[in-house]
Each structure stands twice: as structure tokens, then as C-alpha cells.
Amino acid sequence: MAVVGVLALQGSYNEHMAALRRIGVRGVEVRKPEQLLGVDSLIIPGGESTTMAKLANYHNMFPALREFVGGGKPVWGTCAGLIFLANKAVGIKTGGQELVGGLDCTVHRNFFGSQLQSFETELSVPKLAEKEGGNDTCRGVFIRAPAILEVGSDVEVLADCPVPANRPSITISSGDGAEEEVYSKDRVIVAVRQGNILATAFHPELTSDSRWHRYFLDMDKESHAKAFSALSLSSSSIEAEDLPKNKPLDLPIFE
């Protein structure tokens with residue numbers, strides 16, 4: 001049975017643990033680097049991203065998290081977890097914020113405004129419905145949420161949403177001396193997948209819809225299947241001439 005780790009430094013990790021229990025999956029809280037060795041996949045929950053980064057630094061989690069992501073195991077970031085996984089973040093506090101990286105995207109840390117601009121909306125999610133069944137929509141809970149401004153060519157967009165009319169004007173600076181620009185699109189990306197990484201700007205763990213958690217578990221099953229396939233391919237690639245000449249290939253060998 002797969003074991004799902006939930007980074008439990010700060011934020012909505014209890015809600016993710018409860019969501020996993022509801023679908024009969026074992027979740028374990030992760031607070032130290034060595035605990036990552038005992039899990040098959042990892043959820044990085046929502047919370048206050050700056051605080052989470054400081055706590056991750058304090059517990060020396062960043063090297064282990066980067067190794068985990070780079071090793072191909074499934075990782076899902078919700079809200080602040082999305083910020084952690086992005087290769088580039090804008091709109092961050094003075095002094096910057098350390099990121100885990102791995103997800104080829106640019107995320108705006110506080111795209112939708114302050115806590116008072118938090119909202120809920122119906123999101124169109126045909127790819128989620130195709131994979132996990134149910135309606136073509138899901139409830140998106142956005143709490144002082146980030147959003148994805150740009151994605152790389154290998155990133156699959158799973159959901160976007162209209163930009164709220166009351167959202168404060170967002171100015172984007174590349175940080176390399178280029179002129180600043182105002183985000184003017186009428187929709188913005190809020191859920192993506194790139195290989196072993198899933199990221200959502202909203203909080204599925206705060207709803208009764210378990211499809212996002214099941215989708216993430218299916219990613220774990222896919223990774224195990226690929227690993228088994230690679231192992232089988234490696235074993236079958238042994239050439240007959242590499243084996244002892246005087247022993248049959250189709251019978252047990254006793255020395």
C-alpha cells in the first residue's frame with residue numbers, strides 16, 4: 001500500500017491527512033529530511049509560504065525536498081506548495097524566498113489579493129473528470145491564493161479561471177532589467193501537471209471532492225508501473241553470451 005507523506009511544517013496538512021483517510025490511504029506527517037525516505041509520494045500543503053520556507057530552512061529540508069522531486073516521485077503542491085515547487089516566483093516579499101523548484105512555471109505569490117479577496121468558484125476540469133469520473137467541474141477554494149502566469153512547453157494545464165474584477169492590478173517584473181508589465185489577460189492558470197509534479201493554486205482538501213487526491217494517487221501508481229517496466233526491460237536486455245555457456249537458460253541453476 002502506498003504511503004503518502006504530507007509536509008507538516010505549517011498550513012493545512014491536517015486537512016490533507018483527513019482527505020487521505022477518507023479514501024483509505026495511509027498518510028504520514030513529514031517534518032524531518034530522513035522521513036522522506038519512508039514515503040512513496042509527497043503533498044506540500046497550503047499555508048503561509050514565507051513561514052513554511054523559514055521552517056523548511058530551519059529543519060534543513062530543502063536539499064532533501066529537491067532530491068525527492070528530482071528523483072521522480074510524485075509531488076503535489078497546493079497553494080503555498082505550488083509556490084514552493086515553481087522554478088520562478090514573483091510578487092514575493094523583500095529579500096526573496098527560497099524555492100524547491102522543479103516545476104517549469106512562473107507563479108505570482110499573491111495574485112488574487114489579500115485575505116479579504118479569498119473566494120470560491122466552479123472550475124472547468126475536463127481532464128480530471130476524464131481520469132477520475134464525475135462532473136466536468138470542481139469547487140475551487142482560493143485563500144489568499146497564488147496563480148501561474150506562464151508555463152513551459154512540457155507543462156500540462158489542468159484548470160484556469162477568470163481573473164476576478166476586484167483583483168488588484170498586478171505588475172510583473174522579470175528582475176533582469178526589463179520593463180515591468182501589467183498582467184492583462186482575462187483568465188489565469190490555477191492547476192498544472194508536469195511529469196511527477198502536480199500543482200493547484202486552490203485547496204481541494206477543504207472540499208468533499210476527493211478526485212484530486214485520487215488523481216495524485218494514480219500518479220504514484222504510474223510511477224511504480226514505469227519503475228517496474230524499466231526493471232523488466234533492464235533484466236531482459238541481458239545478452240545470452242553474457243551468461244555461462246555450459247548452463248541452461250530455462251532451468252534453475254544449482255552450484
Side-chain angles (χ1 to χ4, degrees), residues 12 44-50 76-93 96-97 99 101-132 134-195 197-209 211-212 215-216:
S12 60
I44 304 178
E48 211 294 315
S49 60
T50 305
W76 176 18
T78 62
C79 197
L82 158 61
I83 300 171
F84 260 44
L85 292 173
N87 283 347
K88 181 180 178 182
V90 296
I92 56 179
K93 293 182 178 180
Q97 176 181 322
L99 304 174
L103 178 60
D104 186 11
C105 75
T106 299
V107 63
H108 194 288
R109 177 180 177 271
N110 193 20
F111 182 87
F112 293 104
S114 70
Q115 190 82 6
L116 294 176
Q117 272 84 42
S118 299
F119 65 98
E120 297 182 27
T121 189
E122 291 295 318
L123 300 172
S124 176
V125 287
K127 293 176 182 177
L128 177 69
E130 180 182 349
K131 183 81 171 176
E132 303 299 336
N135 297 328
D136 281 350
T137 62
C138 77
R139 194 68 173 167
V141 179
F142 293 82
I143 303 175
R144 201 183 177 196
I148 298 169
L149 306 181
E150 298 175 340
V151 296
S153 58
D154 294 333
V155 178
E156 179 183 18
V157 175
L158 301 177
D160 62 11
C161 78
V163 176
N166 64 341
R167 177 192 56 81
S169 177
I170 295 292
T171 302
I172 306 162
S173 174
S174 64
D176 57 5
E179 288 187 8
E180 295 182 344
E181 60 177 295
V182 175
Y183 189 86
S184 58
K185 298 177 183 178
D186 59 359
R187 301 188 71 84
V188 69
I189 299 168
V190 294
V192 295
R193 178 180 176 181
Q194 181 185 359
I197 301 175
L198 176 66
T200 56
F202 49 95
H203 292 265
E205 76 279 9
L206 299 182
T207 74
S208 60
D209 190 344
R211 289 180 297 168
W212 285 104
Y215 182 94
F216 181 60

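Note that the structure is a prediction, hence the values are computed from the model and not measured. Count residues from 1 along the sequence.
Here D160 pairs with R187 under the side-chain contact (heavy atoms from CB on, under 4.5 Å) rule; sequence neighbours left out. Legend: residues meeting salt bridge (charged side-chain N to carboxylate O under 4.0 Å, His left out) with E156, ordered by chain and number and at least two apart, are K127. For T200, the side-chain hydrogen bond (donor to acceptor under 3.5 Å, both in side chains) partners at least two apart in sequence or on another chain are W76. For E130, there are no side-chain contact (heavy atoms from CB on, under 4.5 Å) partners two or more places apart in sequence or in a different chain. In this structure F84 satisfies the ring-ring contact (aromatic ring centres under 6.0 Å, His included) test together with F62, sequence neighbours excluded.
The side-chain heavy atoms of L103 and I197, taken from C-beta on, include a pair separated by under 4.5 Å. At least one side-chain heavy atom of Q194 sits less than 4.5 Å from a side-chain heavy atom of D104. Side-chain atoms of H108 and P146, non-hydrogen and from C-beta on, never get closer than 4.5 Å to each other. Proximity of L149 to F111: side-chain heavy atoms (C-beta onward) are separated by under 4.5 Å at one or more points. In this structure, the side chains of F142 and L123 come closer than 4.5 Å at one or more pairs of heavy atoms. For the pair Y215 and L128, the minimum side-chain heavy-atom distance is below 4.5 Å. For the pair H203/I143, a side-chain contact is recorded, criterion being any heavy-atom separation below 4.5 Å from C-beta on. Considering only heavy atoms from C-beta on, L158 stays 4.5 Å or farther from V125 through its side chain.
Nearest heavy-atom pair across R144 and S118 is N-OG, 3.1 Å. Residues L82 and A199 come closest through the heavy atom pair CD1-CB, 3.6 Å.
With rounding to the nearest 0.5 angstrom, the CZ atom of R193 is 10.0 Å from the CZ atom of F216. If you take NZ on K88 and CD1 on I83, they are separated by 15.0 Å, rounding to the nearest 0.5 Å.
Note: F112 and F119 have perpendicular aromatic rings, judged against thresholds of 30 and 60 degrees for the angle between ring planes.
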Item to complete: Please lay out, stage by stage, how S114 and Q117 fare under the test side-chain hydrogen bond (donor to acceptor under 3.5 Å, both in side chains).
Response: CA-CA 5 Å; S114 70; Q117 272 84 42; 2.7 Å; yes
(Q) One pair to check against side chain to side chain contact (heavy atoms under 4.5 Å, CB included): T78 and I44. What are the steps and the verdict? (A) CA-CA 6 Å; T78 62; I44 304 178; over 6 Å; no
Derivation of the side chain to side chain contact (heavy atoms under 4.5 Å, CB included) call for E150 and C105
CA-CA 5 Å; E150 298 175 340; C105 75; over 6 Å; no
- Task: Under the side chain to side chain contact (heavy atoms under 4.5 Å, CB included) rule, what do W212 and L198 come out as? Steps first, then yes or no, please.
- Result: CA-CA 10 Å; W212 285 104; L198 176 66; 4.2 Å; yes
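Counting only residues at least two apart or on different chains, the salt bridge (charged side-chain N to carboxylate O under 4.0 Å, His left out) pairs with a member in residues 112-123 are E120-R139, E122-R139.
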